[in-house]
Every structure is written in structure tokens, then in C-alpha cells.
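Here's the structure, in C-alpha cells; my notes come after.
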Amino acid sequence: MKTKFMMGLLVLFLLVGTGTALGAPKVNTFERPAAGIAYTLSQWGQDGWSAPWSEGMSNRSLIDTQHSYRGGKSLRIFYPKGKFDPLESGASAPFALTPGNEYYLSYWMRLSDDFSWGTTLYAGKLGLGLAGGGSCSGGMVCDGYNGFSSRMIWLSGGRAAIYYYHMGNAGQYGDYVELKNSSGSTIVYPKGQWFNIVQRLKVNTVTNGQANPDGEIEIWYNGQPAAKKTGLRFVRNGDKIDKAYFSSFFGGATDEFAPANDSYVWYDDLKVSTSRSEICELASGGCHTRKIEAEDYTYMSGVMTEPTPDTGGGLNVGGIDSQDWMAYTGINIPSAGVYQIDYRVSSINNGGQISLDLNAGGGNGTVLGTINVPNTGSWSSYRTISHTVTIPAGTHQFGIYAVTGGFDLNWWRLTKLY
């Protein structure tokens with residue numbers, strides 16, 4: 001039954017993959033959905049990601065607040081003890097991209113502290129990859145007409161590698177290249193900490209139906225070059241990259257690959273772009289970020305400072321009523337783009353709302369965006385809330401304005417997304 005089901009999924013994938021794809025998703029920070037719910041395909045769709053099918057998203061995914069790379073939420077994927085393959089382990093979905101010859105894909109991951117690499121055999125898929133056409137994989141022979149795929153995997157001991165299907169695989173299954181650091185040592189995925197993977201894939205050119213050996217795959221780990229494979233042949237037809245393939249499960253084809261204990265992976269800040277410049281993880285110094293303590297305002301109206309019960313101690317700004325504000329001068333934005341704004345808030349009220357304004361403090365400047373402040377349960381229970389805004393380059397005065405008050409603010413933070 002399992003084999004027939006997987007064959008059905010493969011046929012559906014092949015059929016849908018040949019159609020017109022939707023526009024490429026720009027970013028997903030998982031901040032919109034409510035915490036504690038499964039991140040189903042319907043939820044993905046509300047955030048601009050579309051796929052014809054999925055495995056595990058409805059019953060092994062969760063919008064989580066326990067760990068997040070940035071903001072207050074992330075996507076947690078569950079890998080049950082003793083289970084393997086996409087039907088019973090992790091999650092999979094081929095998210096549609098606008099067909100293109102070259103894409104960059106970036107995401108952050110965190111493995112659970114006791115993540116298991118397997119039982120007696122050790123291998124599995126991890127994170128997202130890039131694919132096109134029929135997405136050749138699963139022991140298929142890639143003939144240039146049935147597509148290609150490129151995904152991250154782990155090997156024994158958590159060794160990191162890129163696993164890819166192309167014309168000319170060395171064996172029945174895909175080839176792989178281990179990720180190396182600058183000293184030439186193999187990179188091992190760490191447990192219990194966030195790390196970043198960026199993948200670039202360029203499809204080969206085709207001349208008179210013949211595949212030219214100029215396709216490429218490149219991987220960066222935490223912003224540093226980790227693997228590069230050139231001279232690849234993926235297609236001899238018009239297939240392009242048209243999928244960001246979420247493919248994260250244990251296996252292997254036997255329960256020897258299954259985890260020895262329940263394991264989890266958290267994902268955050270997914271990005272897909274045809275331009276390297278939009279992947280700020282690859283920029284010198286990474287993605288620009290600045291955290292500002294709420295009490296470090298230059299001007300204010302109507303608020304007070306007080307000792308905070310939040311983690312880290314110090315002060316917070318309290319007594320924030322409707323139409324109160326704080327202004328912060330001299331905030332440098334080195335490059336224009338989309339920024340995630342995080343606020344560390346507490347409240348026992350419903351209906352609070354913050355407006356982030358440019359070059360003002362009292363709600364009279366340019367409104368960059370607004371966000372609702374939730375009831376966190378008590379004044380001592382803080383939560384990070386987030387939204388995205390577009391900010392021009394320059395040195396600015398930012399205003400935080402209480403459209404509706406009734407909350408405390410410990411700090412706020414700007415981080416460039418792209």
C-alpha cells in the first residue's frame with residue numbers, strides 16, 4: 001500500500017511540475033500564523049507558498065515559540081522514534097517557483113539537543129532543496145527529460161552534504177559532496193544551535209538538444225563557502241528550476257535509518273531569490289541587525305521607565321497609553337530593503353497597537369507599518385512580536401507610537417531580510 005501511495009504522489013508531482021508555476025516566494029518568517037497550530041498547505045498558501053501535495057505538514061509540523069532564530073516563532077518539524085521515509089517521518093512538499101535558470105535558497109535550522117542520526121544506519125534529508133521538471137530522484141535514471149533535484153542530507157555522525165540527481169549519476173542513486181570548512185574538514189551539523197544553509201543552483205545550457213556541461217551547485221554554511229560542483233548536466237530540454245523542495249525525513253528505505261528517539265528540527269527565515277544581493281546572509285557581515293533598548297529614546301511623550309522582569313533585566317518602558325510615543329534618533333540603515341521589526345512586549349490588555357514611524361515620534365511622520373500587541377497574560381510575561389517593513393537607506397529618526405496603548409516595551413530590533 002505504501003509503495004502504491006508513493007508512486008501516486010510521484011505521478012502527481014510529475015504532472016503538476018510540468019505546469020505553469022506560481023511566483024517565487026520571497027521570504028517566510030513564520031510570524032503570521034497563530035502559535036501552536038499545524039502549518040498546513042493552506043497556511044503555507046496564506047504566506048505565498050503553493051504546492052500540489054505535502055507529507056507531514058498536517059500532522060508533524062507546528063508553529064512554535066520554544067525556539068526561533070529571529071522574531072517570536074518558527075516552524076518545528078517532528079521525526080517520531082522508529083519511523084522513516086516521507087510518509088511517516090518529517091515533512092515534504094514541492095513549493096512552486098517561477099521557472100528560472102538560477103536560484104538562491106536560504107534558510108536557518110536548529111536540531112533538537114538530542115537529535116538522533118539513526119539507529120544502525122545513518123542518513124536522511126534535511127531542509128529544502130531546488131528541483132525542476134520531473135524532479136528526478138528516488139533511484140531514477142536522469143535522462144535530461146525528467147528533471148533534476150538537489151537537496152541537503154546528513155550522513156553518519158551528522159556529516160553535512162549536498163545530494164543531487166543529474167545526468168551521469170555515478171550509481172543508481174544521486175551523487176553527493178560533503179560540506180567542508182575553510183580548513184578542509186567536513187562540516188558536522190550542530191545540535192542545539194541555529195545555523196544557515198544557502199544553496200545556489202544554475203541549470204546547464206542546451207545546444208541543439210544536447211546538454212552542455214555548465215550547470216553548477218554551490219553551498220554556503222553560515223555565510224562561508226562549503227561546497228561547489230561545476231560541469232553538471234541537468235537537462236537537454238527546456239526544464240528550469242521551478243520548485244523549492246521541502247524534503248526533510250529519515251531514510252533510507254529500512255527502519256535501520258529511523259531515529260532512536262523522537263527528534264525535532266526548527267526552521268526559520270526561508271528565502272528564495274534569483275539574485276544573490278537579496279540573500280543578506282551572503283553579504284559581508286551578514287544581515288544587518290540592530291537592537292535598541294526601549295528606554296534609550298531621545299524624546300518621548302507620556303511614558304516612564306521601570307525595572308523589567310524580562311530575561312536580562314534592566315529597564316523597560318511602561319505606562320504606555322494611547323497616543324504616547326518614543327523617538328529614537330541616529331539609527332543608521334546601511335541599505336534599503338525589507339526589514340523585520342521585533343518588539344519585546346508584555347500586556348494584560350487586548351487591542352494594543354504599535355505604529356513604527358519614520359522621521360517622527362508622535363504618529364505624524366511616515367508610517368512604515370503597524371502591529372497588534374497581544375495580551376501576554378501578565379506584566380511579567382514577555383513575548384516577541386514581529387512584522388516586516390520597507391526602509392530606505394540613511395540615518396533616520398524612528399518613532400514608536402501607541403495607536404492603542406496598554407502595554408510595556410523592553411526592546412525593539414531591526415534586521416534586514418533582503
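Note that the numbering runs from 1 along the sequence shown for the chain.
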Got a donor-acceptor contact below 3.5 angstrom from the K416 side chain to the G286 backbone?
no

Please report the closest heavy-atom contact between G118 and F250, naming both atoms and the distance.
N-CE2, 4.0 Å

Applying side chain to side chain contact (heavy atoms under 4.5 Å, CB included), can you list everything that pairs with S116, at least two apart in sequence or on another chain?
P259, A260, N261, S263

Anything under 3.5 Å between a donor and an acceptor, one on a side chain of residues 66-83, the other on a protein residue two or more places apart or in another chain? List them.
from, atom 1, to, atom 2, distance (Å)
H67, NE2, R110, NH1, 3.4
S68, OG, G71, O, 3.0
R70, NE, D269, OD2, 3.3
R70, NH2, D269, OD2, 2.4
K73, NZ, E31, O, 3.2
K73, NZ, P33, O, 2.6
S74, OG, H67, O, 2.5
Y79, OH, S248, OG, 2.5

Who are the side chain to side chain contact (heavy atoms under 4.5 Å, CB included) partners of R32, not counting sequence neighbours?
Y39, Q43, Q46, D47

Quick check: closest heavy atoms across R159 and Y189, and the distance to 0.1 Å?
O-CE1, 4.1 Å

Does S112 use its side chain to pair, donor to acceptor, with the backbone of Y264 at less than 3.5 Å?
yes

Ignoring hydrogens and angles, tell me if any N or O in the side chain of D255 forms a donor-acceptor pair with the backbone of A258 under 3.5 Å.
no

Is there a side-chain contact between D64 and Y267 in this structure, where contact means two heavy atoms from C-beta onward sitting under 4.5 Å apart?
no

Please tell me if the side chains of I153 and Y176 come closer than 4.5 Å, counting only heavy atoms from C-beta onward.
yes

Checking ring pair (Phe, Tyr, Trp, His ring centres under 6.0 Å) between W49 and each of F95, F246, Y245, F30, which is the one that passes?
F95

Side-chain heavy atoms of K243 within contact of L97, under 4.5 Å
no

Spacing of K291 atom NZ and T415 atom OG1 [to the nearest 0.5 Å]:
11.0 Å

Ignoring hydrogens and geometry, is there a side-chain-to-backbone donor-acceptor pair from S322 to G405 under 3.5 Å?
yes

Please output the side-chain donor-acceptor pairs of residues 372-379 that fall under 3.5 Å, not counting sequence neighbours, one pair per line with the distance.
from, atom 1, to, atom 2, distance (Å)
N372, OD1, Q353, NE2, 3.1
N375, OD1, G377, N, 2.9
N375, ND2, I348, O, 3.2
T376, OG1, S347, N, 3.0
T376, OG1, S347, O, 3.1
T376, OG1, S378, O, 3.1
T376, OG1, S381, O, 2.6
S378, OG, S380, N, 3.3
S378, OG, S380, OG, 3.2
S378, OG, S381, N, 3.1

Using a cut-off of 6.0 Å, state whether more than 12 heavy atoms not belonging to K229 lie near its atom NZ.
no

Output a table of donor-acceptor pairs, distance under 3.5 Å, between side-chain atoms of residues 194-207 and any protein atom two or more places apart or on a different chain; print 'none' if there are none.
from, atom 1, to, atom 2, distance (Å)
N196, ND2, S106, OG, 3.1
N196, ND2, Y107, O, 2.9
Q199, OE1, S150, OG, 2.7
R200, NE, E102, OE2, 2.6
R200, NH1, E216, OE1, 2.9
R200, NH1, E218, OE1, 3.0
R200, NH2, E102, OE2, 3.1
R200, NH2, E216, OE1, 2.8
N204, OD1, F234, N, 2.6
N204, OD1, V235, N, 3.0
N204, ND2, V235, O, 2.9
T205, OG1, N212, ND2, 2.8
T205, OG1, D214, OD1, 3.4
T205, OG1, D214, OD2, 2.7
T207, OG1, N212, ND2, 2.9

Main chain of M152, side chain of Y163: is a donor-acceptor contact present, judged purely on distance under 3.5 Å?
no

Candidate pair Y328 and W412, rule ring pair (Phe, Tyr, Trp, His ring centres under 6.0 Å), full reasoning:
CA-CA 11 Å; Y328 303 82; W412 61 289; 5.3 Å; yes

Keeping the roles fixed (side chain from R236, backbone from A211), state whether a donor-acceptor pair exists under 3.5 Å.
no

Any donor and acceptor pair, going by atom type alone, linking the side chain of Y122 with main-chain N or O of T119 inside 3.5 Å?
yes

Give the intermediate values and the outcome of side chain to side chain contact (heavy atoms under 4.5 Å, CB included) for residues L270 and W108.
CA-CA 7 Å; L270 312 187; W108 289 84; over 6 Å; no

With a 4.5 Å cut-off on side-chain heavy atoms, are N332 and T395 touching?
yes

In chain order, what residues pass the salt bridge (Lys or Arg N to Asp or Glu O under 4.0 Å) check against D310, with sequence neighbours excluded?
R344

I'd like to check H288 versus C280 (side-chain heavy atoms, cut-off strictly below 4.5 Å). Are they in contact?
no

So do W117 and K191 actually touch side chain to side chain, heavy atoms under 4.5 Å?
yes

With sequence neighbours left out, the residues meeting side-chain hydrogen bond (donor to acceptor under 3.5 Å, both in side chains) with T230 are none

Taking NZ, NE, NH1 and NH2 as the nitrogens, is one of them in K271 or E281 under 4.0 Å from a carboxylate oxygen of the other?
yes

Partner residues of S277 under the side-chain hydrogen bond (donor to acceptor under 3.5 Å, both in side chains) criterion, sequence neighbours left out
S275

Check: D324 and Y401 side chains under 4.5 Å, non-hydrogen atoms
no

Rounded at 0.5 Å granularity, tell me how far OG1 in T388 sits from CD1 in I391.
10.0 Å

With E293, which residues qualify under side-chain hydrogen bond (donor to acceptor under 3.5 Å, both in side chains), at least two apart?
none

Can you sort out the partners of Q224 under side-chain hydrogen bond (donor to acceptor under 3.5 Å, both in side chains), two or more places apart, ordered by chain and number?
none

Measure the shortest side-chain to side-chain distance between L414 and F398 over non-hydrogen atoms and say whether it is less than 4.5 angstrom.
yes

Take K26 and E278, measure what salt bridge (charged side-chain N to carboxylate O under 4.0 Å, His left out) needs, and give me the verdict at the end.
CA-CA 9 Å; K26 183 70 81 173; E278 292 184 333; 2.7 Å; yes

Using atom types as modelled and distance alone, determine if a side-chain donor or acceptor of N237 lies under 3.5 Å from a backbone N or O of D239.
yes

Sequence neighbours excluded, every pair satisfying disulfide bond (SG atoms under 2.5 Å apart) that has a member inside residues 42-90:
none

With E306 via salt bridge (Lys or Arg N to Asp or Glu O under 4.0 Å) - residues at least two apart
none

